[in-house]
Structures are given as C-alpha cells and as structure tokens.
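Counting starts at 1 for both ligands and their atoms, in listed order. Fair warning: this is a prediction, and the values are worked out from it, not measured in the lab.
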Amino acid sequence: MKTFILMWNPAFSSYTWDRFKKDQAEICKDDWCEGVGNWSVWEHEKVEEGDRFFMVKVGEGKTGIVMAGYFYSDCYDGEDWSGKGRKTYYADLLIQVQIDTELADIITTEELLREIPNFDWSGGHSGRLLDDASAEKLELLWLRYINKVRFNKKENAVFIRDINDVSGVLERYLSRTYGNTCKQCGYNYQKVFGEDCKEYVPYYLFLSEDDKEPLSENELFSRLRCICDNCLSVVLDSEN
Ligand SMILES: [Zn+2]
C-alpha cells in the first residue's frame, strides 16, 4: 500500500470552502454521503485502487490535514478542474476521516514539516507519493491525533467513518516492529508454514465508544492487537 498526499487550496480550487462545509454537514449526518467524490492526482500512474491518501489544506488560514482515506479507483483522465485544458487525472476517494478546521484541531503544516521534513507540506502538486518510511511516521502521528480528536463533540466538526480502521501502512509498521503472533493463543503462520507463507495474523484496533478521554500512549498501543480470526470471534463474543 502506497500513500499519496493531496493538496487543497480553497482560494484557487474549484472545490470551495462553502462546498466543503456543505459536504461536511452531509457526511456527518449520513455515512453514505461520498463528499467531494474525486480529486486530481499528479503521480497518477503510480496510484492503485486501495492506496492511502491524506489531504492537506494549504494557502491562507489554518493549514494541515483535513481529510484521510483510501482511493477506491485507479486514476482516470478527465476535464481539467482549473479550466486551463491541461491533461488531468483523477481518482475516486473513500473518505474515512474529514475535519472542519474551524471547529477542531488538526495536524498542522508546521507539525508535518517538523516531523517529516523531507516532504513539502506547504504546497506543490496535488497527489505526490510519500516514501514508505515517512508514510509510516505519518500513520503514527495520525493514530495519536485520532486518539484525541475523536472526543471533539462539536456539531459537524469531526467525521470518522470507523474509529478502529487500521491502514495497511500502519499494519506494515506494526508487523515489522512487533511481529505477527496472535496475542491470545500464540499462533503464527510463519512458524507453522515457513517464512514464505504470505498469510499472517492481522492487527486490530480496539477503541471503544465507552472511552471517555484520550488514552495514554501505552494504553493506545495496547489497544492495537495482533489477533487471529479464531481468537477474534471469541473476544467479540465475550464483549457482546
Ligand atoms: Zn489466536
């Protein structure tokens, strides 16, 4: 899974701030609302359906990450949104998280530049590929951010489709760092079938609607659990 950074400058984009506010109200009310729908992608030939995207608001005012999710198409060419007649490629967006910068904290441009300095977060083409190491760093920032922002209860401030979503990029980091042995029963595909086995025990994030405040760093990471399908069904049964 690759990660692409989309850029949005409401002052120049055909996607205006007013349209964003309208979409935000709709998507917060109804999960099925698709929001902006698609976005232009510079490095379009590298995009595959299922890849990760983050969208950074640039330009005037509060800037930083306003949207995250997955591409749910490959790129296709379309009319230039700017009307300049350039060849422009778009991909459809499945929005997982969308934040109103007026109503909620965001991961700011300054923070991005400080934490991941090898990428220009302040502008440039929309849809540039982020290298794998930086993408994993961004996922960890994002995890800690979601841990806080999910408690913002202001109307239409924060849309989160699934608080327990674990992206393939985060999973790659967790697998490499902590391995893929089931925490409950100790099962590990590679131990049974050898290192070449492509199957692995996945990671799940167990955040709860009952949580009252942001979790501590230790607690947050303890909620990320490597757990096999058998044990998962037992855990879920015991919770219901
Ligand atoms: Zn297990």
Side-chain angles (χ1 to χ4, degrees), residues 1-4 31-32 47-54 65 67-74 93-99 107 115-116 129-152 158-240:
M1 181 180 280
K2 297 186 286 294
T3 298
F4 293 83
D31 274 6
W32 292 102
V47 169
E48 288 172 280
E49 184 173 353
D51 280 344
R52 189 92 162 116
F53 80 83
F54 289 87
I65 296 177
M67 209 188 286
Y70 303 95
F71 293 118
Y72 78 106
S73 74
D74 291 339
L93 305 182
L94 176 62
I95 298 169
Q96 284 285 332
V97 178
Q98 185 164 286
I99 308 289
I107 299 181
E115 298 293 331
I116 307 170
L129 178 65
L130 189 65
D131 69 82
D132 284 351
S134 300
E136 289 178 12
K137 260 191 198 172
L138 182 56
E139 292 288 351
L140 292 172
L141 279 181
W142 188 248
L143 174 67
R144 294 179 177 112
Y145 169 72
I146 294 296
N147 179 39
K148 290 191 190 129
V149 82
R150 73 184 175 111
F151 295 100
N152 182 324
V158 176
F159 167 72
I160 301 176
R161 192 178 298 280
D162 172 11
I163 52 169
N164 289 320
D165 178 50
V166 175
S167 79
V169 179
L170 179 59
E171 184 160 77
R172 188 174 67 213
Y173 167 82
L174 295 168
S175 297
R176 201 182 58 246
T177 310
Y178 305 108
N180 287 101
T181 300
C182 176
K183 284 279 177 293
Q184 303 288 114
C185 72
Y187 188 82
N188 180 307
Y189 281 97
Q190 283 66 37
K191 279 194 192 131
V192 176
F193 297 105
E195 288 301 319
D196 293 341
C197 179
K198 292 278 179 271
E199 258 190 283
Y200 60 90
V201 180
Y203 275 83
Y204 294 89
L205 178 57
F206 293 89
L207 298 181
S208 166
E209 300 288 351
D210 297 335
D211 296 333
K212 295 284 181 282
E213 56 184 28
L215 306 173
S216 69
E217 178 83 0
N218 279 345
E219 180 66 15
L220 178 60
F221 276 80
S222 77
R223 300 283 186 93
L224 277 163
R225 285 159 65 189
C226 185
I227 188 160
C228 76
D229 288 348
N230 287 337
C231 292
L232 181 66
S233 55
V234 174
V235 168
L236 293 180
D237 280 351
S238 73
E239 282 176 5
N240 293 334

side-chain hydrogen bond (donor to acceptor under 3.5 Å, both in side chains), paired with R223, selected from N164, N147, D211: D211
Give the ring-plane orientation class for F71 versus F53, where under 30° counts as parallel, over 60° as perpendicular and anything between as tilted. tilted
Take the angle between the ring planes of Y189 and F193 and call it parallel below 30°, perpendicular above 60°, tilted in between. parallel
Would you name the heavy atoms of V201 and N180 that are closest together and state the gap between them? O-ND2, 2.8 Å
The reported gap from NZ in K183 to SG in C228 (rounded to nearest 0.5 angstrom) is 12.0 Å
Just the protein N/O/S atoms under 2.8 Å from the Zn ion (ligand 1), please, no waters. C182 SG, C185 SG, C228 SG, C231 SG
Can you name the salt bridge (Lys or Arg N to Asp or Glu O under 4.0 Å) partners of E48, sequence neighbours left out? K2
